[in-house]
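Below you'll find the structure, written out as structure tokens, and then a few comments.
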Amino acid sequence: MLPGKAAGCTGLATGVWPRPLRPRPLQSATPGRARPGGRTLAGAATPAVSGPEDSADISDKILSEPLKHSDFFNVKELFSVRSLFDARVHLGHKAGCRHRFMEPYIFGSRLGQDIIDLEQTAAHLQLALNFTAHVAYRKGIILFVSRNRQFSHLIETTARNCGEYAHTRYFKGGLLTNAPLLLGPMVCLPDLIIFLHTLNNVFEPHVAVRDAAKMHIPTVGIVDTNCNPCLITYPIPGNDDSPPSIHLFCRLFQTTINRAKQKRRQMEALYRLQGPEGLGAGVQGSAASPSLGA
Amino acid sequence: MARSRLETVGSVFSRTRDLIRAGVLNEKPLWFDIYNAFPPLREPVFRRPRLRYGKAKAAIQDILYPEDRIRAKFYSAYGSGQKAFDLFNPNFKSTCQQFVEKYIELQKLGETDEEKLFVETGKALLAAGVILRRVGEARTQKEGSHVSWESEPTGVKPQTVLEKNQPLQEVPQDQHLETSEEQPKGLSPP
């Protein structure tokens, strides 16, 4: 299974993004090693059977620890309102193209062109990046979707650099809703879909938005002033037409996902090292872990 | 994995949560805990886009600045196109922007009469070397304006080229001089 391959799903027999079912929950590397558990007194002899219980504890710890911090992956430092402004994220379409549901996110209209409120964009972007980071931390499958031909190459390279998947070609009808038929029997659907352009080439909402909502897949999407943000779980109001804006968003997603995966490797290494010393010491170690990395 | 494909009913989260509660869905999906811990600002529930009828209008305000009045007067008097806008440079100041800044400076000094301020700003800018061509008089001043091109500090280049031209070709000298007057920028040394 090759991660990071861009999907041009039309007629591919091998099926690029279906990963074979992988064992969950996470199992430790050495289950048979005899380790004194955190609950026993130091020096007391312990049975070797405590291996699997330990690994389950550790995996729980690894998964639950990041949820306790509001910004475990420190995504706030990746962007600022000023950097969004310089990348022309605030520029929307003309007032006639405006979608009714985008009105709360629009700051005002300058000579007929809608200007998006960057304070709201910053808040939404922080939530969206945080969610993406957590999904990547838990080894979820992320799919980048866009139907804008100008940026399809950029999006495919971004996906390859993160080790995730992209679909920037024609989206066949039942790809998500009829996946076993189109892609093969044992298929894993993505755990998160990131839309860099919510509209397709005829300015209608992309089919994948509605299909992801049907298949209980959360979505993150950049919504411009002519898009419908209703069905997108974590919308990011912003410009999806200018190259600097899309380059910024691709860079942000790539950095977040890579950072989250690196953090996951660090946490696993940390808990594997701290296993013999007991899980009590792990609490002190995890308090220092947000300062690790990046 | 059991799913309910009703995207118009509730959000993804509410449907998954209820399926788990009912016992239909056995395994919690990957994103469930993350959504619980960090919910979005608005729950992603489907809404049908309805048209606005009658006189109902969107509550979006126009973005206008007090400098816009000055800009409107400038463009009605002088038209656009004196100097092209260089959008690659973030600190670029167009003729209009320089005019507005001068106007505000003079206004702070204490003057109140708008027309007087306008004329004063125009004079100040001409003194600083910026060209200001009025809209209505553009056609009558077409020939005269080419003379004004050469009197500018940037007109030094065509004059130096003229000097080069003169010693090299004496016979078509008059023709060269005439063509150089008409196209100061299009000159290229032989």
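By convention in this document, chain letters (A, B, ...) are assigned in the order of the sequence lines, proteins followed by strands, and residues within each chain are numbered from 1.
Of the two parts of Thr8(B), neither the backbone nor the side chain holds a non-hydrogen atom closer than 4.5 Å to a non-hydrogen atom of chain A. Residue Thr16(B) touches chain A through both its backbone and its side chain, counting heavy-atom pairs closer than 4.5 Å. For Leu127(A), the part lying near chain B is the side chain, with the backbone staying farther off; criterion is any non-hydrogen pair under 4.5 Å. Both the backbone and the side chain of Phe107(A) come within contact range of chain B, judged by heavy atoms closer than 4.5 Å. With a 4.5 angstrom heavy-atom cutoff, Thr177(A) touches chain B via backbone and side-chain atoms both. Interface residue Ile34(B): backbone and side-chain heavy atoms are both found under 4.5 Å from chain A. Contacts between Pro229(A) and chain B at a heavy-atom distance below 4.5 Å involve the backbone alone (N, CA, C, O). Contact annotation for Leu19(B): only side-chain heavy atoms (C-beta onward) come within less than 4.5 Å of a heavy atom of chain A. For chain A, no part of Asn36(B) is nearby; none of its heavy atoms comes within less than 4.5 Å. With a threshold of 4.5 angstrom between heavy atoms, Pro90(B) does not approach chain A through any atom at all.
Under the 30°/60° scheme for interplanar angles, the aromatic rings of Tyr234(A) and Tyr35(B) are found to stand perpendicular.
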Exercise. Apply side-chain contact (heavy atoms from CB on, under 4.5 Å) to the pair Arg110(A) and Asp68(B), showing each step before the final yes or no.
Key: CA-CA 11 Å; Arg110(A) 174 65 173 166; Asp68(B) 285 344; 2.7 Å; yes
Quiz prompt | Steps toward side-chain contact (heavy atoms from CB on, under 4.5 Å) verdict (Arg48(B), Cys230(A)) | solution = CA-CA 9 Å; Arg48(B) 217 165 271 285; Cys230(A) 282; over 6 Å; no
Practice problem: In sequence, state the C-alpha distance, the side-chain angles, and the governing distance for Glu43(B) and Thr233(A), and then conclude on side-chain contact (heavy atoms from CB on, under 4.5 Å). | Solution: CA-CA 7 Å; Glu43(B) 210 188 339; Thr233(A) 326; over 6 Å; no
Exercise. Evaluate the criterion salt bridge (charged side-chain N to carboxylate O under 4.0 Å, His left out) for residue pair Asp211(A) and Arg5(B); output intermediate values, then yes/no.
Key: CA-CA 8 Å; Asp211(A) 281 356; Arg5(B) 297 187 175 194; over 6 Å; no
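Taking 4.5 Å as the limit, every side-chain heavy atom of Ile217(A) sits out of range of all side-chain heavy atoms of Trp31(B). In this structure the side chain of Asn228(A) never reaches within 4.5 angstrom of the side chain of Arg47(B), judged on heavy atoms.
Taking CZ from Phe32(B) and CG from Asp191(A), the interatomic distance works out to 14.5 Å, rounded to the nearest 0.5 Å. Once rounded to the nearest 0.5 Å, the distance linking CZ of Arg210(A) with CD of Glu7(B) reads 6.0 Å. Here the straight-line distance linking atom CG of Asp62(B) with atom CG of Leu111(A) works out to 8.0 Å at 0.5 Å rounding. Within the model, atoms OG of Ser4(B) and NE2 of His216(A) stand 3.5 Å from one another, a figure rounded to the nearest 0.5 Å. Atom CD1 of Ile60(B) and atom CZ of Arg98(A) lie 3.5 Å apart (nearest 0.5 Å).
Chain A forms more heavy-atom pairs under 4.5 Å with one residue of Leu51(B), Val12(B), Leu64(B) than with any other, namely Val12(B). Highest contact tally toward chain A, considering only Arg15(B), Gln61(B), Arg52(B), Arg50(B), is held by Arg52(B) [criterion: heavy-atom pairs under 4.5 Å].
Under a cut-off of 6.0 angstrom, the local environment of NZ in Lys68(A) is crowded, with over 12 non-hydrogen atoms contributed by other residues, nucleotides or ligands. Around atom CZ of Arg69(B), no more than 12 heavy atoms belonging to other residues, nucleotides or ligands sit under 6.0 Å away. By the 6.0 Å contact criterion, CD on Gln97(B) is enclosed, its count of non-hydrogen atoms from other residues, nucleotides or ligands being greater than 12.
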